[in-house]
Q: 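First the structure, then my questions, so here it is.
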Number of protein chains: 2
Amino acid sequence: MPVTLHDLAREVGVSIATVSRALSGAPGVAEETRQRVLAAARAAHYRPNVMAQRLQKQRTDTLGIIVPTSSTRFGDPFFGDFLAGVGDKAIEHEYDLLVSTRAPEADELHTYERMVRERRVDGLIVISTRPHDERILYLLEQNFPFVAFGRSDIDAEFPYLDVDGEYGMYHATRYLIALGHRRIAYISAPYTFMYSTHRLQGYRKALAEHNIPFDEQLIAIGDLRDRSGYNLTRDFLSRENPPSAIIACNDWMASGAIGAARDMGLTVGQDLSILGFDDVPLAQIVHPRLTTVHQPAYEAGWHICDMLIRLLRQETLEQRHVLLQPELIVRESCGPRATS
Amino acid sequence: MPVTLHDLAREVGVSIATVSRALSGAPGVAEETRQRVLAAARAAHYRPNVMAQRLQKQRTDTLGIIVPTSSTRFGDPFFGDFLAGVGDKAIEHEYDLLVSTRAPEADELHTYERMVRERRVDGLIVISTRPHDERILYLLEQNFPFVAFGRSDIDAEFPYLDVDGEYGMYHATRYLIALGHRRIAYISAPYTFMYSTHRLQGYRKALAEHNIPFDEQLIAIGDLRDRSGYNLTRDFLSRENPPSAIIACNDWMASGAIGAARDMGLTVGQDLSILGFDDVPLAQIVHPRLTTVHQPAYEAGWHICDMLIRLLRQETLEQRHVLLQPELIVRESCGPRATS
DNA sequence: AGTATAGATGAAAACGTTTACGATGTCAAG
DNA sequence: CTTGACATCGTAAACGTTTTCATCTATACT
C-alpha cells in the first residue's frame, strides 16, 4: 500500500535508479529531472522504507544500550538523565536508539549476542562497567564497536568515558578532613561496580595524605538504596566510637543516612556530617540539602553517544579515553567536627 | 563475512528454502534433513539477519516510544520505572524497543511521522496524553497501532491505560477533609496534561460532596518541579487566610512544599498537611515522609506494552480501556487540622 | 564529417530472508 | 498397472532499496 520508489518511477516516467539518485542527492541526474522527482515524491508523500535501506546498506543506523532493570539503576534519575543525553545526541545524527532491558532470567551475554550477531545495531553503549567485564571482553573479541561508560581492569584497550570517581572522592574526603573530621565512615557501592574501587581509592588517598590511618571498621557496603544507607548509618552511630562524618557512594544512601541520623536525634551538618555522590535532584530536596559530588549525567550520555557515532563514522576520536572531573557541590549536610 | 542461509545451504547440500524451513520449524522438511541443518547452523554459529527478515516479513518486531526530554518527565524516576516495565514486557515477547527523544526544535509530529511512515516500528506507546492530542489524532488517521498512557478528550475511541487520577485525588481530598481540613490548596500540573483535569475533578468532587465551596484562589499551577512547589507554597502561606493543607500534583512539588513550610517555621503534619501524587522513592525519603497517591509505574508500563503486543498480534483485547485505581499511601505529612 | 567526452539514464545485481508454486519420488489403493 | 495422495525439496519471486555498469544522447573538438 505505501508508495515505493517503483511507484514514483512509473509516475515520473523514469527508472527507479534515477529516482533513488534524485532523492538521495547523488550526482548524475539532470536538475530538471530531479525537480520532477522531488515534486512527485512530495505529492505522493513518499517515505523510504528504512528496512530496505538497512538491508541494502548493511547498516542499521541504530545504537543500542542494555540496561539491567532488576538492579536499582533504572529507577534512578541519574540513569534517566544519562539516557536523555544519549537519545538527544542520537537523534541529532539521525540514529535510532534501541533500549533493551536484560531479560532477568537470561544470561546477560545472550542479550549482547542478540544485538551483535543478529546485527540489530551498529554500535553499543556499555554502562556500569565491572571488574573483568565479560561484556567488554566479548565485544572486543567480536570486534564490535562500542563505548563504555566507565573503565574496567581488563588487559585491553577500549574507548570509554568515565567520571573520575577517585578524584571526586579524594576531594570530598579532603573537604571533610579540612573541616576537622578524622573518623570518616564510608558506605561503598558493591564491588561488582568498577567505580566502587576508584572511589574508595580516592578516599584512601586523602586519608593517607593526612596521615589518618585507614580503618577497615569504617567501611561498609550498601546496595545503593536509601534503606541500606539508613541501616548502615544506624549501625555506625551505635558503636562506641562513632564516626563524625559519613560518605555514601550515592545520594540515595546518603539520604538514608540523613534519615538515620535524624531518627537518632542528631543534627546533620552539626553533630554529624554526611556527604553523597551523584547530585541527583533529590540532593537539593532533603533536609539539610546534601553536600555531594556532581556527576554530569546528561552530558556524559551525550558525550558517550557522540564518541560512539564518531567511531562508527570512522572518524578518529581525539580522545578514546575521557575522564571527567566531577565537582564537589557544597551545601548544608557537612560542617566542622563538633568539639565535644 | 557473517554466515547466511546460502552458506548453510551449500554446506548441507540442500536449497536455501529448505534451510529456512528447517530453522523456522516450518512443516514440509524431513526430520533427518532438519537435524542436519540445525547441526550445521549451530556449528557455523548462524544467526539470521534481522533486517532481511524484517524487509521480507514487512514487520519490524519493534515497539516505539517517544519521550520529550525537554520536559521534566525523563529525569523523573516515575518514567524510568515505566520504561522498565515496557522494556521487560517487550523483551519477553522478543520485541525490540525503540526509544526516541523528541528533537526539541523539531515539530513533534515529525518524530511520529518518522516512526510511522518510514515503518521503523510496528506500534507506538503514547505517553502523557494531552487535551485534543494531535499525536493521537494523527495515529488514528493513519490507522497505526498504538496504546496511550492516559486518556484524551478527543471525539474518537482508542485503546489506553490510565491511572484514575480523579479517583486518586477524590480519595486524597476526602482524607484531608476527614482530618478536619476545609481550606485545602491545590497545586495543579499544567493543563496541557490531560491528567491535570481529571485530578482536579476528583478534588472538586470531594469538596462538593462535603459542601465546601470551591475557591479559585486556592488553585495554583506548578511546573512539576520542586522549585515551583516551594514558591507556590510560600505564596499560599503568606496570605492572610492561609490553607491548612496543600495537595500537589506530584511528589516533587509536594517536596518543595515541605521545604517551604519548614523554612517558614511550620511543622509539616501538624501545622500544615501536605499531600503528593506518584509515590516515587523520594516520597519515603523526605521528612516527614510523604502521604501520597501511589501510581504503579512499572506495572503500568508493563501492562500497556502487553496491550500493544496483543493489538499487533490481532488478539482481541479483553479491555481496550483500562483504568487503574491508585491507592492512597498514608505516611506522616498529613495530620488533623490544627485547632488554633 | 568523424570522433572523443561528458552527462543523463536504465538494466540488473545485490543485500538475506520467506514463501508460493511446481517438480519429483514413494507408496497405497483401485 | 494406473492413479492419486502425500511428503520432500528446489526454483524463483518478492520485500524496497542502492549501486555498478553499460547505453545512449548531445556537445565540442579535430
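None of these values were measured; they are calculated from a predicted model. Residue numbers begin at 1 in each chain, while the letters A, B, ... track the order of the sequences.
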Q: Hey, are B:Arg130 and B:Glu108 close enough for a salt bridge, meaning a charged N less than 4.0 Å from a carboxylate O?
A: yes

Q: Closest nucleotide of DNA chain D for B:Ile16 versus for B:Arg119: which of these residues is on the 5' side?
A: B:Ile16

Q: Check the distance between C:dA14's C1' and B:Gln56's CD and give it to me in whole angstrom.
A: 16 Å

Q: Hey, can you pull the residues of residues 44-54 of chain A with a non-hydrogen atom under 4.0 angstrom from DNA chain D?
A: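 Those residues are A:Tyr46, A:Arg47, A:Pro48, A:Asn49, A:Ala52, A:Gln53.
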
Q: Please identify the 5'-most and 3'-most nucleotides of DNA chain D with any atom under 4.0 angstrom from a heavy atom of chain B.
A: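 So the contact region on DNA chain D extends D:dT8 to D:dG16.
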
Q: In chain order, what residues pass the ring pair (Phe, Tyr, Trp, His ring centres under 6.0 Å) check against A:Tyr112, with sequence neighbours excluded?
A: none

Q: Do any side-chain nitrogens or oxygens of B:Ser20 fall under 4.0 Å of OP1 or OP2 in C:dT18?
A: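 For C:dT18, OP1/OP2 do have a side-chain N/O of B:Ser20 under 4.0 Å.
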
Q: With the side chain counted from C-beta on, respond yes when B:Gln142 and B:Arg117 share a heavy-atom pair under 4.5 Å apart, and no when they do not.
A: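 Of all side-chain heavy-atom pairs linking B:Arg117 with B:Gln142, at least one is under 4.5 Å.
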
Q: Using whole Å, what does the distance between atom P of nucleotide C:dT18 and atom CZ of B:Arg59 come to?
A: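 Interatomic distance, CZ of B:Arg59 to P of C:dT18: 11 Å.
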
Q: What I'd like to find out is whether the side chain of A:Val86 reaches to under 4.5 Å of the side chain of A:Ile125, using heavy atoms alone.
A: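 They are in contact (side-chain heavy atoms under 4.5 Å apart), so the answer is yes.
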
Q: Hey, are A:Arg120 and B:Asp96 close enough for a salt bridge, meaning a charged N less than 4.0 Å from a carboxylate O?
A: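 Salt bridge between A:Arg120 and B:Asp96, a charged N being under 4.0 Å from a carboxylate O: yes.
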
Q: Quick one: side-chain hydrogen bond (donor to acceptor under 3.5 Å, both in side chains) pairs with a partner in residues 18-29 of chain B, sequence neighbours left out?
A: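 As it turns out, the side-chain hydrogen bond (donor to acceptor under 3.5 Å, both in side chains) pairs with a partner in residues 18-29 of chain B, which skip direct neighbours, are B:Ser15-B:Thr18.
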
Q: Quick test of your reading of the model: are B:Arg36 and B:Glu11 salt-bridged, counting only N-O distances below 4.0 Å?
A: no

Q: As a test of reading the structure: which of C:dT18, C:dC21, C:dA11 is closest to the side chain of B:Leu5, going by heavy atoms?
A: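 Side chain of B:Leu5 sits closest to C:dT18.
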
Q: Specify the closest pair of heavy atoms between A:Phe158 and A:Ala148, including all atoms of both residues, with the distance to one decimal.
A: CE1-CB, 3.7 Å

Q: Within this structure, what is the CD-to-P distance between A:Gln35 and C:dA8, rounded to whole angstrom?
A: 13 Å

Q: In residues 22-34 of chain B, which residues come under 4.0 Å of DNA chain C by heavy atom?
A: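 DNA chain C contact set from residues 22-34 of chain B: none.
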
Q: Taking only Lys NZ, Arg NE, NH1 and NH2, and the carboxylate oxygens of Asp or Glu, determine whether B:Arg151 and B:Asp162 approach each other closer than 4.0 Å.
A: yes

Q: When the ring centroid of B:Phe82 is compared with that of B:Phe149, is the distance short of 6.0 Å?
A: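 Yes.
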
Q: Indicate yes or no: does B:Lys57 engage B:Asp122 in a salt bridge with an N to O separation below 4.0 Å.
A: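 Result for this pair is no, no salt bridge flagged.
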
Q: Hey, which sits more toward the 5' end of DNA chain D by its nearest nucleotide, A:Val3 or A:Arg21?
A: A:Val3

Q: Indicate whether any N or O donor in one side chain lies under 3.5 Å from an N or O acceptor in the other, for A:Asp7 and A:Tyr46.
A: no

Q: To the nearest Å, give me how far apart CG (A:Leu55) and C1' (C:dT18) are.
A: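 Result: 13 Å.
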
Q: Taking atom P of C:dT18 as reference, at what distance in whole Å does atom NE2 of B:His6 sit?
A: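 One finds 15 Å between P of C:dT18 and NE2 of B:His6, rounded.
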
Q: Could you walk me through whether B:Gln58 and A:Met51 pass side chain to side chain contact (heavy atoms under 4.5 Å, CB included), step by step?
A: CA-CA 9 Å; B:Gln58 296 286 82; A:Met51 293 308 153; over 6 Å; no

Q: Going through the checks in order, is the side chain to side chain contact (heavy atoms under 4.5 Å, CB included) test met by B:Leu109 and B:Glu134?
A: CA-CA 8 Å; B:Leu109 271 183; B:Glu134 48 183 352; 4.1 Å; yes

Q: Over its full length, what angle do the end axes of the helix from C:dA1-D:dT30 to C:dG30-D:dC1 make, each axis taken from five pairs and the result rounded to 10 degrees?
A: 70°

